[in-house]
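Below you'll find the structure, written out as structure tokens, and then a few comments.
Bear in mind that the values here come from a model prediction, so they are computed numbers and not experimental data. Values reported hereafter were calculated over all heavy atoms of this structure, with side chains retained and with hydrogens, waters and symmetry mates removed.
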Amino acid sequence: MTNKRSKKEVRMMSPTLHAYSLIFLVLISLTHLPLSSPSPSSSSWSSSLRKLSQDLTSIHFIGDLHADVSCAKQWVEKTNLVNLTSTPYEWIGNPTTDALVFLGDYVDKGSNSASVLKFVRELQETFPNNVVTMLGNHDFFLILDTALSFSETNPHPLGHPFYDYAYSFMHPEEYIESEWTMDREGDEELLGEILLALSYIYDRNMQGSVHLCAPNCTTGQQDLFDIVPPFDQNVTLKERAVERLNLWRLEYARGLYESGLLQWMTKQPIVAIVGDALVVHGGVSDRVMDYVQAVARQQQPQQQQQQEQGMNVVDVLHAMTNVVFHRFFQKELEKVSGANQIEARLTGGYVLELIMDMLQHRGYFDRITGCSEVNQVLGKLDSSAGLNRVVVGHTPHDYATELCNGKLLASDSSLSRSFRAHGNMYCPLRKSLVEGFHNKSGGGGDGRMSTCSKVHDEQCEGSISRITRASPKEAWPKGMQRFQFHELQSMASSTTTSDGGSMDTAKDENIMVDDTDEL
């Protein structure tokens, strides 16, 4: 049975809204500033945003997985593209015409981020001609928190690390589930106390003002261990919990680095073209497109003087985001020998602002202006790219949804079971911790039900999408097919046809949703 979430429970104001207000102000004014053109010539840039072959006839899109590795594997199995029981994995779809695209946000909110990252990396590296793994905003934040060194003299580029937040990012159970942290006496006891303290602040709606930042709190941060029982009254317990949490963080960062997952994440695309779709986690805003167009226009006279082929808008979009991002981390990671050692910052050409906007944009879901923005963005991209739609994740729905007369696919269908049950809150997930929590919590106090009293369903929910055409010579159709989990159970024993067989084709929906404040 689906565990329905109220908007009050799940749709919460982004904890990073204030931290990024300056970035958004900068973006709004981009087209009014002198342009700092990308320095490399067009010949030295990677050639295109396009990923995979143009001969594809079937593309599956899977939305935000948020640390639920079990459902991630089950959804992939249901596509009938990959045999996960073989070692190594075996591609059983058509190697020339079938593709699988993940929309990012592999991490956070649940407790199996590391496992999801390992899984999607194995798929992408094993089948590079068939699998695309986009980067999400949570993945990007994890890169910053793990790769960069930050201190009072060289602070975190976005104020403070995201694992400081008391919700929405690094679930404390992630550390002990990752297999990167040492087993120590008292791990589960301390973790249980931290989860109880978090439940305390959730029940009192304090999560937006309290952090898990000790002993490195920055100005304006209020630390959970200073104000929430039992830590506020038990100095010894507080010191043990703070020490253990910071050990977990150090070991987790080291595990990401030494496993190669950090390096792999820095090579994944921010924005791409697959089939006839512009694929990006959040969206490409109209104001970003205006800026990219202006830079492309500025480049053309320089290229004509140098007798180079002119760069189009698609090339510039790629160069100002993917290329700069990939080159920065390739260069800086070669200089270091571990996590949290990069002292340099992504600067110049508004690259950080552009990436942040594209990973977090939600303007497409504005009831009044959303579809107009989708149309404007598609119209400003080069007609030679053959784009007819935008595919995004980031903004959660109960099911994948087509909007704007088929020009927008919202693929984030809340696939993570912990997110469906608890939203952005770090509630107990491990069975022993759930039992201990219920034995100790006694509800939310004053007869209220605790925020973390729910138990997530075992069944995977949500939906994934697929677009098909009969042959590479035909145009991609307007509509997507959308599959819920139970509709795919017979897939392994049935023949998948281009018209979807017995599976329902998703109806175009023009109703926008009020999910724009969900991180």
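One distance of note links CE of Met480 with CD1 of Ile467; it measures 4.5 Å at 0.5 Å rounding. A distance of 6.5 Å separates OG in Ser413 from CH2 in Trp75, rounded to the nearest 0.5 Å. Considering SG of Cys452 and CG of Leu429, their distance stands at 9.0 Å, rounded to 0.5 Å. Residue Ser209 holds its OG atom at 7.5 Å from CD1 of Ile201, rounded to the nearest 0.5 Å. Expressed to the nearest 0.5 Å, how far NZ of Lys109 lies from CZ of Arg420 amounts to 13.0 Å. To the nearest 0.5 Å, atoms CG (Leu117) and CG (Asp139) are separated by 6.5 Å.
A donor-acceptor contact shorter than 3.5 Å is absent between the side chain of Glu174 and the backbone of Asp108. Side-chain N or O atoms of Ser199 include none that pairs as donor or acceptor with a backbone N or O of Leu196 at under 3.5 Å. With hydrogens and angles ignored, the 3.5 Å screen pairs no side-chain donor or acceptor of Asn112 with any backbone N or O of Ser115. Side-chain atoms of Arg389 never come within 3.5 Å of backbone atoms of Val279 as a donor-acceptor pair (strictly under, hydrogens ignored). Between the side chain of Asp412 and the main chain of Gly63, no donor-acceptor pair closer than 3.5 Å is present. Here the side chain of Tyr426 pairs a donor or acceptor atom with the backbone of Met170 at under 3.5 angstrom. Side-chain atoms of Asn246 come within 3.5 Å of backbone N or O of Ala214 as a donor-acceptor pair. In this structure, the side chain of His486 does not engage the main chain of Gln484 through any donor-acceptor pair within 3.5 Å. The backbone N or O of Thr451 sits less than 3.5 Å from a side-chain atom of Asp203, completing a donor-acceptor pair. Side-chain N or O atoms of Asp223 include one that pairs as donor or acceptor with a backbone N or O of Cys213 at under 3.5 Å.
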(message) If you apply the rule side chain to side chain donor-acceptor pair (under 3.5 Å), what do you find for Asn340 with Ser149, and how did you get there?
(response) CA-CA 4 Å; Asn340 296 119; Ser149 169; over 6 Å; no
(request) Take Met289 and Gln376, measure what side chain to side chain contact (heavy atoms under 4.5 Å, CB included) needs, and give me the verdict at the end. (result) CA-CA 9 Å; Met289 284 306 307; Gln376 289 175 26; over 6 Å; no
(request) Please test Phe102 against Ser411 for side chain to side chain contact (heavy atoms under 4.5 Å, CB included), starting from the C-alpha separation and ending with a verdict. (result) CA-CA 9 Å; Phe102 293 92; Ser411 67; over 6 Å; no
(message) side chain to side chain donor-acceptor pair (under 3.5 Å) for Ser432 and Glu435? Distances and angles first, verdict last.
(response) CA-CA 5 Å; Ser432 57; Glu435 292 173 352; over 6 Å; no
(message) Checking Tyr291 against Tyr350 for the ring pair (Phe, Tyr, Trp, His ring centres under 6.0 Å) test, could you report, in this order, the C-alpha distance in whole Å, the side-chain angles of both residues, the deciding distance, and whether it holds?
(response) CA-CA 10 Å; Tyr291 180 59; Tyr350 304 111; 5.7 Å; yes
(request) Go through Asn205 and Gln207 one step at a time and tell me if the side chain to side chain donor-acceptor pair (under 3.5 Å) criterion holds. (result) CA-CA 6 Å; Asn205 200 30; Gln207 63 273 4; 3.1 Å; yes
(message) Quick one, Asp145 with Phe169, criterion side chain to side chain contact (heavy atoms under 4.5 Å, CB included). Give me CA distance, side-chain angles, the key distance, then yes/no.
(response) CA-CA 11 Å; Asp145 287 355; Phe169 294 98; over 6 Å; no
(request) Tell me, with the steps shown, if Met425 and Leu198 meet side chain to side chain contact (heavy atoms under 4.5 Å, CB included). (result) CA-CA 8 Å; Met425 310 309 183; Leu198 287 165; over 6 Å; no
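Between Leu135 and His281, the shortest heavy-atom distance links the atoms O-CB, 3.5 Å. In terms of heavy-atom proximity, Ser418 sits nearest to Gly110 at OG-CA, 3.4 Å. Across all non-hydrogen atoms, the minimal contact from Ala277 to Val391 is CB-CG2, 3.7 Å. Contact record, Pro172 with Ile194: CG-CG2, 4.3 Å, taken as the closest heavy-atom pair. Here the closest non-hydrogen pair linking Met134 and Leu103 is CB-C, 4.0 Å. Smallest separation of non-hydrogen atoms from Cys71 and Arg417: SG-NE, 3.3 Å.
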Atom pairs and distances, side-chain donor-acceptor, residues 228-239, under 3.5 Å, sequence neighbours left out:
residue : atom : partner : partner atom : Å
Asn234  : OD1  : Thr236  : N            : 3.3
Asn234  : OD1  : Leu237  : N            : 3.0
Lys238  : NZ   : Asp226  : OD1          : 2.4

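Comment: Glu177 engages Arg430 in a salt bridge, judged by a side-chain N to carboxylate O separation of less than 4.0 angstrom. Taking 4.0 Å as the cut-off between side-chain N and carboxylate O, Glu487 and Arg482 do not count as a salt-bridged pair. With salt bridges taken as basic N to acidic carboxylate O contacts below 4.0 Å, none links Arg184 and Glu243. Ion pairing of Arg287 with Asp357 is present here, as a side-chain N (NZ or NE/NH1/NH2) and a carboxylate O approach within less than 4.0 Å. The pair Glu332-Arg345 fails the salt-bridge criterion, with no side-chain N (NZ, NE, NH1 or NH2) lying under 4.0 Å from an Asp/Glu carboxylate O. A salt bridge links Arg244 with Asp187: at least one charged nitrogen is closer than 4.0 Å to a carboxylate oxygen.
You'll find the ring centres of His361 and His394 outside the 6.0 Å limit. Tyr175 and Trp180 have their aromatic ring centers separated by at least 6.0 angstrom.
Between His60 and Lys78 the shortest side-chain heavy-atom distance does not fall below 4.5 Å. The closest side-chain heavy-atom distance from Ile143 to Leu262 is below 4.5 Å. When side chains are defined from C-beta on, Asp366 does not count as touching Glu373, because their heavy atoms never get closer than 4.5 Å. The closest side-chain heavy-atom distance from Phe140 to Leu144 is below 4.5 Å. Between Val392 and Leu408 there is a side-chain heavy-atom pair separated by less than 4.5 Å. Using a 4.5 Å heavy-atom threshold, the side chains of Leu403 and Leu409 count as separate. Two residues are said to be in side-chain contact when any heavy atoms from C-beta on lie closer than 4.5 Å; His211 and Tyr165 meet this criterion. Proximity of Cys217 to Phe225: side-chain heavy atoms (C-beta onward) are nowhere separated by under 4.5 Å.
Ring orientation note: the planes of His160 and Phe162 are tilted relative to one another, at an angle of 30° to 60°. Between His66 and His138, the ring planes lie perpendicular to each other; the angle is over 60°, past the 30° to 60° tilted range.
The 12-atom threshold is exceeded at CD of Glu125, counting heavy atoms of other residues, nucleotides or ligands nearer than 6.0 Å. The number of heavy atoms from other shown groups lying within 6.0 Å of NZ (Lys118) is above 12.
Geometrically, Arg121 does not engage Phe119 in a cation-pi contact defined by less than 6.0 Å to the ring centre and at most 45° from the axis.
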